[in-house]
K.L.:
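Here it is, the structure in full.
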Number of protein chains: 2
Amino acid sequence: MTTAFNNAATTFSHGGHDHGTCVETALAAAAGICTKRGARLTPLRRRVLELIWRGHAPVGAYDLLRALAKKQPGAAPPTVYRALDFLLAHGLVHRIESLNAFVGCAHPQQVHGGQFLICSDCGAAAEVHDPRVDAAISRRAAELGFTVRHKTVEVQGLCAPCQDRLQEAGHGN
Amino acid sequence: MTTAFNNAATTFSHGGHDHGTCVETALAAAAGICTKRGARLTPLRRRVLELIWRGHAPVGAYDLLRALAKKQPGAAPPTVYRALDFLLAHGLVHRIESLNAFVGCAHPQQVHGGQFLICSDCGAAAEVHDPRVDAAISRRAAELGFTVRHKTVEVQGLCAPCQDRLQEAGHGN
DNA sequence: TACTCTTTTGTTATGTTATAACATACCTAT
DNA sequence: ATAGGTATGTTATAACATAACAAAAGAGTA
């Protein structure tokens, strides 16, 4: 299967794609995975996942909480953190360490560490899986006798559309 | 110059090295760099850097604050965060995003992003600079039209000594 | 020296992120 | 129906970080 959502081009396309498709695909995939594993994607967990998939920019736990609280007055920090724990454990979302925020996983079929390109301008985070990056890290760790449990790769910078736009804006100055 | 401190072997050597040398070397290097740049390594900043270099495990800002407060009753969060800002700006320490903590920089001569191997057992973080990792990330970003500003690479796992020790402990079970 | 400008530090308050601990409700299988 | 596990509600607090303004300390100059 080729997941059509959340590659770098889509992630950084700034509304130039049908985001409803991203959300639907992600929720359907999540439901399927949970069923297969006997895990329960409860309404609350599903709702949190849906809120995370509202955009391609990582979302903070308290942003989720505020959104959740609109329809669910009893919501408190543990409500959202417990849902996030579940989603993280099943590889349905990733935590972006450098932002203390969470983003939907583009490839939830198997749990994995992610590599992320994070645009400082539009805030979107694209998940990439470069085997060369992965291999280079694993190789270096092995050389040093270090056993890898989890890799975090987060690259801050500017996505192509934002570069273009900023350059445009610069012409007038 | 070859910096003898804080390579993976030293970092993960668990007291099997003269740590006083690490600290002295780091402080001397920091002093030299600041002088060269016309930056002021004030007693407070120097003290914070020294506290960070007490060990090879990343230290939280509030741990630093508690240590600082023993000899400096007026110390408050901004005291330590401002010192950290200075040290970060001059590349004398790194922030470990996945731990919200700070560690001394092994190669402060030029400001740079770091790659870290972080042992989940002993807590030590070794700074590595693998050009292949760096190149692989840059190459992938370039392919996607993404301009890199800062790379974060943090690998959680087990260092060699901890693996050995845990295996030893396992024999009895 | 006295003045002034800049940098650094002190101080108080608050914002933001995350978890502990215990109570309640809800499924599910016998 | 009921016991045992899983999920959620609820209150409180821990841990991490910054805003805003005041005071002090350094550096250059008249």
Side-chain angles (χ1 to χ4, degrees), chain A residues 30-31 34-35 37-52 57-90 92-103 123 125 152 154, chain B residues 30-31 34-35 37-52 57-90 92-103 123 125 152 154:
Chain A
C34 288
T35 300
R37 294 184 192 161
R40 293 166 53 195
L41 188 63
T42 63
L44 179 60
R45 291 164 174 172
R46 195 191 133 92
R47 177 85 180 118
V48 170
L49 182 58
E50 190 182 357
L51 287 168
I52 289 174
V59 193
Y62 279 71
D63 290 332
L64 292 170
L65 178 55
R66 275 182 287 272
L68 208 57
K70 288 181 183 173
K71 295 188 177 177
Q72 192 154 348
T79 312
V80 65
Y81 279 104
R82 285 192 285 227
L84 287 169
D85 284 346
F86 173 88
L87 297 170
L88 286 167
H90 288 280
L92 303 174
V93 303
H94 290 287
R95 178 183 166 81
I96 306 296
E97 302 290 352
S98 56
L99 299 175
N100 293 332
F102 304 85
V103 71
T152 299
E154 298 176 8
Chain B
C34 288
T35 299
R37 294 184 192 162
R40 293 165 56 195
L41 187 64
T42 63
L44 179 61
R45 291 165 176 172
R46 196 192 131 91
R47 176 85 180 117
V48 170
L49 183 58
E50 191 181 358
L51 288 168
I52 290 175
V59 193
Y62 279 70
D63 289 334
L64 291 170
L65 178 56
R66 275 183 287 272
L68 209 57
K70 288 181 183 173
K71 294 187 177 178
Q72 193 155 348
T79 311
V80 65
Y81 279 103
R82 285 194 285 228
L84 287 169
D85 285 345
F86 173 88
L87 297 171
L88 285 166
H90 287 281
L92 303 174
V93 304
H94 290 288
R95 178 181 167 81
I96 305 297
E97 301 291 351
S98 56
L99 299 174
N100 293 334
F102 304 85
V103 70
T152 299
E154 298 176 9

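As a basis for the values below, the full set of heavy atoms in this structure was taken, side chains included, without hydrogen atoms, waters or symmetry mates. Quick note on labels: first sequence line is chain A, next is B, and so on, each numbered from 1.
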K.L.:
Please state how far atom CG in A/Leu99 lies from atom C1' in C/dT16, giving the value in whole angstrom units.
P.N.:
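In whole Å, C/dT16 C1' and A/Leu99 CG are 14 Å from each other.
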
K.L.:
Mind checking the CG-CZ spacing from A/Leu49 to A/Phe86? Nearest 0.5 Å is all I need.
P.N.:
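Here the rounded value is 9.5 Å.
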
K.L.:
Does D/dT18 have its OP1 or OP2 closer than 4.0 Å to a side-chain nitrogen or oxygen of B/Tyr81?
P.N.:
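Answer no for this pair, as no side-chain N or O of B/Tyr81 is under 4.0 Å from OP1 or OP2.
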
K.L.:
What nucleotide among D/dA17, C/dT11, D/dT10 has an atom nearest to a side-chain atom of A/Thr79?
P.N.:
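Nearest to the side-chain atoms of A/Thr79, counting from C-beta on, is D/dT10.
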
K.L.:
Summarise protein proximity over nucleotides 23-30 of chain C in one line of letters, 5' to 3': B for base, S for sugar-phosphate only, - for none, counting protein heavy atoms closer than 4.0 Å.
P.N.:
--------

K.L.:
Between B/Glu154 and B/Ser98, is any side-chain donor less than 3.5 angstrom from a side-chain acceptor?
P.N.:
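Checked: B/Glu154/B/Ser98 side chains pair up, N/O donor to acceptor below 3.5 Å.
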
K.L.:
Side chain to side chain contact (heavy atoms under 4.5 Å, CB included), that's the test. Do B/Tyr81 and B/Leu65 meet it? Break it down for me.
P.N.:
CA-CA 9 Å; B/Tyr81 279 103; B/Leu65 178 56; over 6 Å; no

K.L.:
Determine which pairs satisfy salt bridge (charged side-chain N to carboxylate O under 4.0 Å, His left out) with at least one residue from residues 64-84 of chain B, sequence neighbours left out, and list them in order.
P.N.:
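Qualifying pairs: B/Asp63-B/Arg66.
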
K.L.:
Give, ordered by number, those residues of residues 58-78 of chain A having at least one heavy-atom distance below 4.0 Å to an atom of DNA chain C; if nothing qualifies, reply none.
P.N.:
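Heavy-atom contacts with DNA chain C come from A/Tyr62, A/Pro77, A/Pro78.
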
K.L.:
B/Ile96 CD1 to D/dC16 C1': how many Å, rounded?
P.N.:
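Whole-Å distance recorded here is 16 Å.
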
K.L.:
Between B/Arg45 and B/Arg40, is there a donor-acceptor pair closer than 3.5 Å when you use the side chain of the first and the backbone of the second?
P.N.:
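Yes; judged by distance alone, with no hydrogens or angles, the pair exists.
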
K.L.:
Got a second to check how far A/Glu50's CD is from A/Ile52's CD1, nearest 0.5 Å?
P.N.:
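Here the rounded value is 11.0 Å.
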
K.L.:
Could you give the distance from NE2 (B/His90) to CG (B/Asp85), rounded to the nearest 0.5 Å?
P.N.:
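Taking NE2 in B/His90 and CG in B/Asp85, the distance rounds to 11.0 Å.
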
